[in-house]
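Keep in mind that this is a model prediction, so the values were computed, not measured.
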There are 2 protein chains.
Amino acid sequence: MPKATVERLPLYLQCLQAIGDSETTVSSDALANVAGVNSANVRKDLSYLGSHGVRGVGYDRLELCAQLRRALGLTDKWPVVIVGVGNLGSALANYQGFDASGFNVIGLYDADPSKIGARVDGQRIKSMEDLELDIKKHEVQMAILTTPAGAAQEVADMLVSVGILSILNFAPALLKLPDTVKCRQVDLATELQILSYYQASRPT
Amino acid sequence: MPKATVERLPLYLQCLQAIGDSETTVSSDALANVAGVNSANVRKDLSYLGSHGVRGVGYDRLELCAQLRRALGLTDKWPVVIVGVGNLGSALANYQGFDASGFNVIGLYDADPSKIGARVDGQRIKSMEDLELDIKKHEVQMAILTTPAGAAQEVADMLVSVGILSILNFAPALLKLPDTVKCRQVDLATELQILSYYQASRPT
DNA sequence: TGGGCATCGTGATTCGTTTCACAAGCGCAC
DNA sequence: GTGCGCTTGTGAAACGAATCACGATGCCCA
């Protein structure tokens, strides 16, 4: 499946949920409008799912949701860990959408001894030693990294060494990882700078 | 300038800062290695800056930084507002990198009266009325949206109506905006779901 | 039961981006 | 000075993705 398609599937899922119960069926055109893409593009994307829409009618909303979830590997909940419970880590820990999205935060971890034991959204912050043990015990494969930039590489190395295979990195640092590990980078400064470019190059 | 190039410029800037003072000059190859892209790609990207590297030597590190900043429109600091001071908004308000990246948070705003007046990272949380006034007064063009999903569209409409032209949206909601307004979406669930796809489709 | 309408699925085309490959240019050493 | 090694800048080729265009197909209603 093309990379570009994979990156749109979550969008479709979100759009379908936004459309809600009112419609039992959705056309590629309707979905395209909500998602802001071309309808042929939607159809091509969905065709990778082996999805069978009905000509003249569209796609069954619920079935399409199910197919998207299946394609994205969201049939079971993925256990994830959050490493680094600063402001951002706390914010993510409080995020209520994990469950609905197919994930389950099994623990929060921090290197700072003074934070350990504190509670965030009902979960007790645990130590880095616990992190290693928990990852192995629960066979966790996905981690969210919200440490300071300086600590990110070191923590990432440790995560990889105990079996983590996917990292969502919020630390403003470029991680050097083995290419068996998939990483996605979310960077506030980068996003703002991209906006800045378009802002600056507006025809005034 | 190609979209793909624009989205890499901040990355180069970050890499150059990571390389630090040790080197006065950088080759496209060195930069490519750190950034994780092809060196021909780096050269082509930089050629859009009208940059003049020196054959046999490379690019002057500081000059290249300056050129990148100029191209990205980071010569002056952009004033930005943060709207919605929940966990995520607070986290962003505490982010120390704004200054270095070329931005200046001029205010934090929330619709919840009980939050108004509280301080986050030294800034007083202000009301939505103040938000409108401040945007007009300081001619703010960029906003960071960290409200709950339900309020995002309404707030965005207001922002647009008072002159905001770029929105960085962290709310898990798809904004309907006039196409004069540039928006970038950052969505935790989406990112995790993309990772989930690759995780699920690994050859076990 | 048949005709018309709506919509899908997909080959062909276009577009944008990445990569390759190499000539041109600069600097250093001898 | 002259030659050699390194690195840029860029045309050409390869690749991947978006869009177009249309045949195929199912549904609804007369």
Side-chain angles (χ1 to χ4, degrees), chain A residues 1-12 15-16 19 22-68 71 179 190 194 197-198 201, chain B residues 1-12 15-16 19 22-68 71 179 182 185 190 194 197-198 201:
Chain A
M1 177 135 46
K3 191 157 95 59
T5 294
V6 172
E7 301 191 349
R8 273 189 300 269
L9 297 186
L11 172 64
Y12 297 148
C15 290
L16 288 176
I19 287 171
S22 53
E23 307 291 338
T24 147
T25 198
V26 194
S27 73
S28 62
D29 217 42
L31 188 49
N33 281 332
V34 180
V37 299
N38 180 294
S39 68
N41 207 339
V42 171
R43 289 198 295 281
K44 193 155 283 189
D45 285 343
L46 297 186
S47 77
Y48 287 106
L49 308 180
S51 159
H52 278 269
V54 181
R55 290 165 200 245
V57 177
Y59 301 86
D60 183 84
R61 188 174 57 82
L62 292 175
E63 192 190 314
L64 185 52
C65 275
Q67 279 179 314
L68 285 167
D179 49 11
T190 298
I194 293 169
Y197 171 84
Y198 291 109
S201 61
Chain B
M1 177 135 42
K3 192 157 94 59
T5 294
V6 172
E7 301 190 349
R8 272 190 300 269
L9 297 187
L11 172 63
Y12 298 149
C15 290
L16 288 176
I19 287 171
S22 53
E23 307 291 338
T24 147
T25 198
V26 194
S27 72
S28 62
D29 216 43
L31 189 49
N33 280 333
V34 180
V37 299
N38 181 294
S39 69
N41 207 340
V42 170
R43 288 198 296 279
K44 193 153 283 188
D45 285 342
L46 297 186
S47 76
Y48 288 106
L49 307 181
S51 159
H52 278 270
V54 181
R55 291 166 200 242
V57 177
Y59 301 86
D60 183 84
R61 189 174 57 82
L62 291 176
E63 193 191 313
L64 185 53
C65 275
Q67 279 178 315
L68 285 167
D179 48 12
K182 193 96 191 169
Q185 184 79 23
T190 298
I194 293 169
Y197 171 84
Y198 291 108
S201 61

When rounded to whole Å, the OH to C1' distance for the pair Y59(A) and dA6(C) reads 13 Å
Exercise. Donor-acceptor pair under 3.5 Å: do we get one between K44(B)'s side chain and the base of dT19(C)?
Worked result: yes
So the contacted stretch of DNA chain D, first to last nucleotide with an atom under 4.0 Å from a non-hydrogen atom of chain A, runs from dA17(D) to dC27(D)
P2(B) has its side chain closest, among dT10(C), dT19(C), dT17(C), to dT17(C)
query = Under 3.5 Å, is there an N or O donor on one side and an acceptor on the other linking the side chain of R55(B) and the base of dC26(C)?
reply = no
Side chains of N38(A) and V42(A): closer than 4.5 Å at any heavy-atom pair?
no
Separation of dG16(C) atom C1' from K3(A) atom NZ, nearest Å, is 14 Å
- Could you check R43(B) against S28(B) for side chain to side chain donor-acceptor pair (under 3.5 Å), going step by step and ending with a plain yes or no? CA-CA 6 Å; R43(B) 288 198 296 279; S28(B) 62; 3.0 Å; yes
Rounded to whole Å, the OH-P distance (Y48(A) to dT10(C)) equals 10 Å
State whether the side chain of T25(A) and the backbone N or O of Y59(A) hold a donor-acceptor pair below 3.5 Å, judged by distance alone. yes
Ranking G56(A) and S47(B) by the position along DNA chain D of their nearest nucleotide, the one closer to 5' is S47(B)
D60(A) atom CG is separated from dT7(C) atom P, nearest whole Å, by 15 Å
Rounded to whole Å, CZ of R43(A) lies from P of dT10(C) at a distance of 11 Å
One should read off an interatomic distance between R61(B) CZ and C15(B) SG, to the nearest 0.5 angstrom, of 12.5 Å
Are Y198(A) and V6(B) side-chain neighbours, meaning at least one heavy-atom pair lies under 4.5 Å?
yes
H52(B) NE2 to dA24(C) C1', in whole Å, measures 14 Å
Any chance you could lay out the side chain to side chain donor-acceptor pair (under 3.5 Å) test for D45(B) and T5(B), step after step, and finish with the verdict? CA-CA 6 Å; D45(B) 285 342; T5(B) 294; 2.7 Å; yes
Atom CG of D29(B) and atom P of dC20(C) are separated, to the nearest Å, by 12 Å
### Query
Base, sugar-phosphate, or nothing for A4(B), non-hydrogen atoms under 4.0 angstrom?
sugar-phosphate
Taken to the nearest whole Å, CG/L49(A) to P/dT10(C) is 12 Å
Original post:
L9(A) versus M1(A): any side-chain heavy-atom pair under 4.5 Å?
Top reply: yes
Between A40(B) and V57(A), whichever has its closest DNA chain D nucleotide further toward 5' is A40(B)
